[in-house]
Amino acid sequence: MHADLRKRLVTEFRWLDPGPHSTHLVSDMSGWWHDPEILAGIGPALAALFPADRPTVIISPEVTGYLVGPLVATAIGAGFLPAVKQAEGRQVAEPVTWAHTPPDYRDRTLRLGVRDRHLGPADRVLVVDDWVATGAQVRAIHEIVDRRGATLIGTAAIVADCPTELARDLGLRTLLQAHHLDG
């Protein structure tokens, strides 16, 4: 990755204090999406983390994964497949393979799904997200990939905020570690 992109990612990132009702700071990555050089560089930089693996499809979870995943897919000429979160009153009107996450950083358990018609044994999957802390959503997507018989290449993210052992288990490669954003 170019040192300039990494520097821009750090410069355009903010930790925000939402006030006395909150127990932690909130990450603000909006500067990343506003900066055209970062936007142009993210896809190729994340794709370069897996240079020889030739994924056929990128899978990313809602919400910010829907920004990052297509950038990577475009950079390498792969398809993009969204992993939807099941919400009350929201239905997907076709067969979907679902998986539950382990508790995430907010201690929530989510249900993620991928449309069956878009994922099968011929696919080579790279999971892409902006930030991996607990790996809960990534684990659920890995489970779906396995259940659909596709080949999992690994996971690419902009930031890792997780223990090294978890990153190894997820096949995670990143552009930054969370500690790079602390100052």
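When a residue number appears, it is its place in the shown sequence, counting from 1.
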Find out if a path of hydrophobic residues (ILVMFWY) with successive side-chain heavy-atom gaps under 4.5 Å connects [X] to [Y].
{"X": "Leu126", "Y": "Phe80", "result": "yes"}
{"X": "Trp131", "Y": "Leu16", "result": "no"}
{"X": "Ile144", "Y": "Trp98", "result": "no"}
{"X": "Leu25", "Y": "Ile158", "result": "yes"}
{"X": "Val132", "Y": "Val72", "result": "no"}

Could you state the interatomic distance from [atom1] ([X]) to [atom2] ([Y]), rounded to the nearest 0.5 Å?
{"X": "Asp130", "Y": "Met29", "atom1": "CG", "atom2": "CE", "value": "4.0 Å"}
{"X": "Glu12", "Y": "His34", "atom1": "CD", "atom2": "NE2", "value": "8.5 Å"}
{"X": "Leu9", "Y": "Glu37", "atom1": "CG", "atom2": "CD", "value": "11.5 Å"}

Side chains of Asp123 and Thr56: donor-acceptor distance under 3.5 Å anywhere?
yes
Would you indicate whether the side-chain heavy atoms of [Y] and [X] approach each other to under 4.5 Å?
{"X": "Leu110", "Y": "His100", "answer": "no"}
{"X": "Val159", "Y": "Leu181", "answer": "yes"}
{"X": "Phe50", "Y": "Ile76", "answer": "no"}
{"X": "Val125", "Y": "Ile153", "answer": "no"}
{"X": "Val128", "Y": "Thr155", "answer": "no"}
{"X": "His180", "Y": "Arg6", "answer": "yes"}
{"X": "Leu46", "Y": "Leu175", "answer": "yes"}
{"X": "Asp28", "Y": "Trp15", "answer": "no"}

Atom CD of residue position Glu94 - does it have more than 12 heavy atoms of other residues, nucleotides or ligands inside 6.0 Å?
yes
Between [X] and [Y], what is the shortest heavy-atom contact and its length?
{"X": "Ala83", "Y": "Ile59", "answer": "CB-CG2, 4.0 Å"}
{"X": "Ser60", "Y": "Gly65", "answer": "CB-O, 3.1 Å"}
{"X": "Ala78", "Y": "Pro55", "answer": "CB-O, 3.6 Å"}
{"X": "Cys162", "Y": "Leu166", "answer": "CB-CD2, 3.6 Å"}
{"X": "Ala136", "Y": "Pro102", "answer": "CB-O, 3.3 Å"}
{"X": "Leu172", "Y": "Ala160", "answer": "CD2-CB, 3.9 Å"}

Of all residues at least two apart in sequence or in a different chain, which pass the side-chain hydrogen bond (donor to acceptor under 3.5 Å, both in side chains) check with Thr101?
none
Just one of Val138, Ile141, Val127 clears the side chain to side chain contact (heavy atoms under 4.5 Å, CB included) bar with Leu170, so which one?
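Option passing the side chain to side chain contact (heavy atoms under 4.5 Å, CB included) with Leu170: Val138.
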Got a donor-acceptor contact below 3.5 angstrom from the [X] side chain to the [Y] backbone?
{"X": "Asp161", "Y": "Ala178", "value": "no"}
{"X": "Arg148", "Y": "Leu119", "value": "yes"}
{"X": "Arg54", "Y": "Pro51", "value": "no"}
{"X": "Glu62", "Y": "Lys85", "value": "yes"}
{"X": "Thr74", "Y": "Pro70", "value": "yes"}

So, Trp33 versus Tyr66, ring centres under 6.0 angstrom or not?
no
Under-4.0 Å salt bridge between Glu143 and Arg139:
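Looking at Glu143 and Arg139, the cut-off is not met.
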Go through it in stages, so that I can follow the logic: the residues are Asp53 and Arg124, the test is side chain to side chain contact (heavy atoms under 4.5 Å, CB included), and I'd like the CA-CA distance, side-chain angles, deciding distance and then a yes or no.
CA-CA 8 Å; Asp53 291 296; Arg124 296 177 45 76; 4.1 Å; yes
How far apart are the C-alpha atoms of Ile42 and Val68, what are their side-chain angles, what is the distance that settles it, and do they pass the side chain to side chain contact (heavy atoms under 4.5 Å, CB included) test?
CA-CA 7 Å; Ile42 288 284; Val68 181; 4.3 Å; yes
